[in-house]
Amino acid sequence: MPSRFDVVEQGSPIEVFQLTKLFTEDSFQKKVNLSVGAYRDENGKPWVLPVVRKMESALAADPTLLHEYLPVLGLEDFTQASVSVLLGQDNPVLAEGRTFGVQCLSGTGGLRVGAEFLSKHLKYTTFYYPNPTWENHILVFTNAGFTKPRAYRYWNSKTRAIDFDGMIEDLKSAPENSVIILNACAHNPTGMDPTPEQWEKIADVMEENKLFPFFDSAYQGFASGDLDKDGYAVRYFVKRGFELVCAQSYAKNFGLYNERVGNLAFVINDPKLVPAIKSQVTWVVRGMYSNPPAHGARVVAAVLKNQQLFDEWKDNIKTMATRVKQMREALRAELIKLGTPGNWDHIVKQIGLFSFTGLTQRQSEYLIQEYHIYLLRSGRINICGLNPSNVAYVAMAMNDAINKFPEDQ
Ligand code: LMR
């Protein structure tokens, strides 16, 4: 019998997850996964943060915890603590009642809820994303009702630095009420953030043109190892008087990837508007997934609300950020040792999980096929996939790919 589903065409795979699957299925002994943005320890293994393990044991043993529904906007302890981590606990907007959070399904969920809210209630239609960006930004915003996706220049592949003039020019031509997606820190995929002076100029243009900042904060703590430093851009915009939203993810900095723990922070000028905004976000969430899961949010809330655990978490973050920095240095040193053509300083100048290596698509595909080193075709690598046992192998393979396809450089 014919099927009504025969109209369905095969969709394209999601590159980052397909690479992880290929890596898992690959039996080659020296295989390396530099694709998905997830932390790996010095043995190449996923790392459950010790503070998370500790909290999970405590939660499992707590007979008062039930599996009742959470409120639609999530666990209040969690959303309050999240906003305070993002903005700093002494930020005046907290006391002024001008900020609140909505528990969401990780950073992606925060982006989706925020975008749908802006589209439905503020009637915004245009969004700008950095080129390049995390590819999901575009899908999330268009699915949420935005109809006019626009790229702003972000990257100069020749200098391997931010194309700041291009960015400013594009923002200057953005129409009023455009939503501008800004990576709060550790830009994915380039690993290059604006300097404080550049943030100031970005804010000037956005204020002048009445553009709306939508921050994506997926790596707080990973850029510098310091939560406060990594909160700089969002805090600066708040200080300048912007109203904004920010999607926070705890996937990376708490290692809670599959628990989908995130927060959507709102900062608004008039605290009297908070109840109405909350009531409408409630309906956005209700129509999407009704209410959020509890486990990950309980872990995060317990850690953020207890000074000793909070300090332990900060140490765990430092451990991860320090290892990433060491691996950047190690990769650069190996490439230099091999005399690999090109300048490799950008690897240590970039921050966060990723390096936008400058490897071309052809070179990247060669690394996958020939060396079983999995990376995005854009040349983005997850630095955490490197460790003392494989960094020389990866450098040797990169050196080979670059020498084999020099015309691509
Ligand atoms: C990444 O960029 O690798 C991660 O954020 C995973 C994802 O969902 O793409």
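Every number for a ligand or one of its atoms is a count from 1 in the order of the listing. Below, all heavy atoms of this structure are taken into account, side chains as well, without hydrogens, waters or symmetry copies.
In this structure, K252 is part of the shell of residues with a heavy atom less than 4.0 angstrom from ligand 1.
Inclusion of N188 in the set of residues having an N or O under 3.5 Å from an N or O of ligand 1 is warranted. Between R380 and ligand 1, a contact under 3.5 Å exists for at least one N or O pair. The shortest N/O to N/O separation between V36 and ligand 1 does not fall below 3.5 Å.
K172 is linked by a salt bridge (charged side-chain N to carboxylate O under 4.0 Å, His left out) to nothing, counting only residues two or more places apart in sequence or in another chain. Residues that satisfy the side-chain hydrogen bond (donor to acceptor under 3.5 Å, both in side chains) test with E135, not counting sequence neighbours, are absent from this structure.
Annotation: cation-pi pair K31/F23 present, NZ/CZ under 6.0 Å from the ring centroid and within 45° of its normal. Relative to the six-membered ring of W344, R160 meets both conditions, a distance below 6.0 Å and an angle of at most 45° to the axis.
In this structure, the ring of Y250 has its center less than 6.0 angstrom from the ring center of F78.
Among all protein heavy atoms, the one lying closest to atom 7 (C) of ligand 1 is W134 NE1, 3.5 Å.
A side-chain donor from one of D311 and Q307 sits under 3.5 Å from a side-chain acceptor of the other.
The V16 neighbourhood of ligand 1 comprises atoms 3 (O), 9 (O), with distances under 4.0 Å to a heavy atom of that residue. Near F17, with a cut-off below 4.0 Å to any heavy atom, the atoms of ligand 1 are 8 (O).
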